[in-house]
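Note sheet for the following structure.
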Amino acid sequence: MGDDAAVYDAEFKAYLTKNKWSKHFDYAPIDVIAPYCERDCVYAGMMLAVYERYIEETQQGRVWSTERAVTKVLWEMEHAGIGTDLEYARGQLVPMKERLEDVTSSIYGYSGYEFNINSTQQLNKVMGNLGVKSTVKTTKNNPSWAAQALAQVKHPIANAILEQRGLGKLVKDYFEKALEWEDGVQHASFKNWGAVTGRMSCANPNLHSVAKNPQDLSGDVDVALLAGAKAIVGGKAVGAKYSDETEGLVSVRRMYVPRPGYRLYMLDYSQMEMRIFADYVKDEVLSALCEDPLFDFHDHVAEQVWGVSKGDEMWDFYRFKAKGINFGLVFGMGINALSLAIDSTKDEAKRYKAEYFDRFPRAYEFIDLVSKTVEQRGWIRNRFNRRYWIDYDRSYVGVNYLIQGTGADIVKEAMVGIREFLVERDLMSRQLVQVHDEIIMEIPDDERELVLPVVMGIMEKRRIETYLPVEASVGGPSWAQKTVVELAA
DNA sequence: CGATCACGC
DNA sequence: GCGTGATCG
């Protein structure tokens, strides 16, 4: 809008800061802030004209109209909020804090003195004293003590530190946070422009990072194993099924419950990113297989690349590698990150990847085309013409942007469609939360028969060629206890 | 305020 | 790969 506008903006913000009005604009007197707001609107209007032309030229009209429409959905979601079981939150905080104290003192027992466990530097010193060296480096080439590094450590302090960090986060970010809403309804903030790919972001609390696995507070391995955990790392019961009957397990998702008269429904796209990947790769066989809602992408890759079948001795081994490479490709992982993800050496990872591309040459061609286009042209567009400008030296992110962004646009369109249906029919059912490939809704029993099939139909509508099936679950009653819903044919 | 870590998809 | 948030120094 010109240099004078930028200067005005900078000078005015400095003026606000000087008068301690900068934290919130409404701290400033109205006669001070009003002219600024007025100019802000005028500039926004001028920018709209510029961008509307750009949107037209780049054919991003569909994305633009979805973004405007989804804003209403987000406002309604934020307004509705999500119900929380405050009794559960308050009740679990007591044993959680007790466990946290026990774990903390056990760490001090190992170190021989009290220190700030949250300080990586202080922790590094403690580990040095114990004669333990990290095999992993941070991005700034310092010794890393992240979970990945601690996994290599034999000393029992490693697991205790993992538990202290994980449990501490649950307590602070979710359980204590929950008490801030005294009426038991949390109103998180959603941003439809939160990520460059087109994904949303969420904050206060971040409902996109609510732990999926229950946390064991008993310290008794049997408790977690009984709940079906495949492993217990830092008290995290990986793969365990939460139940109120299992004493000693807590779940953040258990805190989220429907309000009176409603049930919670979770509508989940099955392997959405892998199916979108298949669509981009244009492998007809793969796309045909996606017509089966139960098709498992990782199983298929394991079978096709390494010739194993379920029940074989090597099945778990190759299924794990297949899943790792699949995610590695859509995330744009380098060979280093991939080798860590699939628990292999770099050379082995290279070989697995080569074998993968040998069987799926079109996957290689697609990835290669994307990075070459970024390097030569500087931009790419997803299935909805959403445009991404990417520096040539970051061309490896292109595949991820396309897949993640296409998924994001599909879910956004679905949310808009669901809202239109609910408004049109004047229904009580409502959308509460979106977690990238999942929509959480509250539906009264007498609307379920009507709403559920229509909502699933809206979500499954073909916006790309490949079928994207949705799985519906009902809360039992919370987000932690899901039961798959079978719709009558 | 950059770096580190943990959680999700 | 993309996020939010807490914490440290």
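These values consider heavy atoms only, across backbone and side chains, with no hydrogens, waters or symmetry-generated copies. Just so it is clear: chains get the letters A, B, ... in the order the sequence lines come, proteins before strands, and each one is counted from 1.
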Report task. Quick one: sort the A:Phe360 and A:His300 rings into parallel, tilted or perpendicular, breaks at 30° and 60°. Result -> tilted
Query raised in the report: Heavy atoms under 4.0 Å, any strand shown: does A:Gln121 hit a base, just sugar-phosphate, or nothing?
Result: sugar-phosphate
Report task. Give the nucleotide from the list C:dT4, B:dG8, B:dA6 with an atom nearest to the side chain of A:Ala203. Result -> C:dT4
Requested in this report: Would you please confirm or rule out a distance under 4.0 Å between OP1 or OP2 of C:dG5 and any side-chain N or O of A:Asn204?
Outcome: yes
**Report entry** Proximity to the side chain of A:Trp145 - top-ranked nucleotide from B:dC5, B:dG8, C:dG3
**Finding:** B:dC5
Query raised in the report: Within this structure, what is the CG-to-C1' distance between A:Leu162 and B:dT4, rounded to whole angstrom?
Result: 14 Å
Requested in this report: Would you mind classifying the nucleic acid contact of A:Leu170 as base, sugar-phosphate or nothing, using non-hydrogen atoms under 4.0 angstrom?
Outcome: nothing
Report task. Using a heavy-atom cut-off of under 4.0 Å over every strand shown, decide if A:Ala337 touches base, sugar-phosphate, or nothing. Result -> nothing
Report summary line: note: A:Asn141, atom CG; B:dT4, atom P; distance rounded to Å ~ 10 Å
Query raised in the report: Would you say C:dG5 has OP1 or OP2 under 4.0 Å from some side-chain N or O of A:Ser209?
Result: no
Query raised in the report: Nearest to the side chain of A:Lys172, which nucleotide is it out of C:dT7, C:dG3, B:dC9?
Result: C:dT7
Query raised in the report: To the nearest angstrom, how far is A:Phe175 atom CZ from C:dA6 atom C1'?
Result: 17 Å
Query raised in the report: Atom CG of A:Asn124 and atom P of B:dA3: how far apart are they, to the nearest Å?
Result: 17 Å
Query raised in the report: If you look at every strand shown and take non-hydrogen atoms under 4.0 Å, does A:Phe327 touch a base, only sugar-phosphate, or nothing?
Result: nothing
Requested in this report: Please determine if a side-chain N or O atom of A:Arg199 lies less than 4.0 Å away from the OP1 or OP2 oxygen of C:dG3.
Outcome: no
Query raised in the report: What is the distance from CG of A:Asn118 to C1' of B:dC5, rounded to the nearest Å?
Result: 9 Å
Query - Whole-Å gap separating P (C:dA6) and CD (A:Glu176) - result: 11 Å
**Report entry** A:Lys140 NZ to B:dC1 C1', straight-line distance once rounded to whole Å
**Finding:** 13 Å
Requested in this report: Please determine if A:Arg253 forms a cation-pi arrangement with A:Tyr242, meaning its NZ or CZ atom is less than 6.0 Å from the six-membered ring centre and no more than 45° off the ring axis.
Outcome: no
Query raised in the report: With a 4.0 Å cut-off on heavy atoms, is A:Gln122 in touch with a base, just the backbone sugar-phosphate, or nothing at all?
Result: sugar-phosphate
Query raised in the report: Take atom NZ in A:Lys323; do more than 12 heavy atoms of anything else shown fall under 6.0 Å from it?
Result: no
Query raised in the report: Would you say the ring centroid of A:His298 lies under 6.0 angstrom from that of A:Phe327?
Result: yes
Query raised in the report: If you check every side-chain atom of A:His436, which of B:dC9, C:dC8, C:dG1 has the closest atom?
Result: B:dC9
Report summary line: The salt bridge (charged side-chain N to carboxylate O under 4.0 Å, His left out) partner of A:Glu413 among A:Arg419, A:Arg386, A:Arg383, A:Arg62 is A:Arg62
Report task. May I ask you to verify if any side-chain N or O of A:Tyr401 is less than 4.0 angstrom from the OP1 or OP2 atom of C:dG1? Result -> no
Query raised in the report: Counting just side-chain N and O atoms, does A:Asn142 come under 4.0 Å of either OP1 or OP2 of B:dT4?
Result: yes
Report task. For B:dG8, take OP1 and OP2 only and decide whether either is under 4.0 Å from a side-chain N or O of A:Asn206. Result -> no
Query raised in the report: OP1 or OP2 of B:dT4 less than 4.0 angstrom from a side-chain nitrogen or oxygen of A:Thr139, does that happen here?
Result: yes
Requested in this report: May I ask you to verify if any side-chain N or O of A:Thr138 is less than 4.0 angstrom from the OP1 or OP2 atom of B:dA3?
Outcome: no
**Report entry** cation_pi(A:Arg68, A:Trp64) dist<6.0 Å, angle<=45
**Finding:** yes
Requested in this report: Please check the phosphate of C:dC8 (OP1 and OP2 only) for any side-chain N or O of A:Thr120 closer than 4.0 Å.
Outcome: no
Requested in this report: Respond yes when some side-chain nitrogen or oxygen of A:Lys212 is under 4.0 Å from OP1 or OP2 of B:dC9, and no when none is.
Outcome: yes
Query raised in the report: Across the strands shown, which category fits A:Val399 at heavy-atom distances under 4.0 angstrom: base, sugar-phosphate, nothing?
Result: nothing
**Report entry** Sugar-phosphate only, base, or nothing, as touched by A:Lys169 at under 4.0 Å among non-hydrogen atoms
**Finding:** base
Report task. Mind calculating the distance between CZ (A:Arg165) and C1' (C:dC8) to the nearest angstrom? Result -> 13 Å
Query raised in the report: In terms of side-chain heavy atoms of A:Tyr396, which of C:dT4, B:dC9, C:dG1 is nearest?
Result: C:dG1
Report task. Over 60° means perpendicular and under 30° means parallel, so classify the ring planes of A:Tyr364 and A:Phe357, tilted if in between. Result -> perpendicular
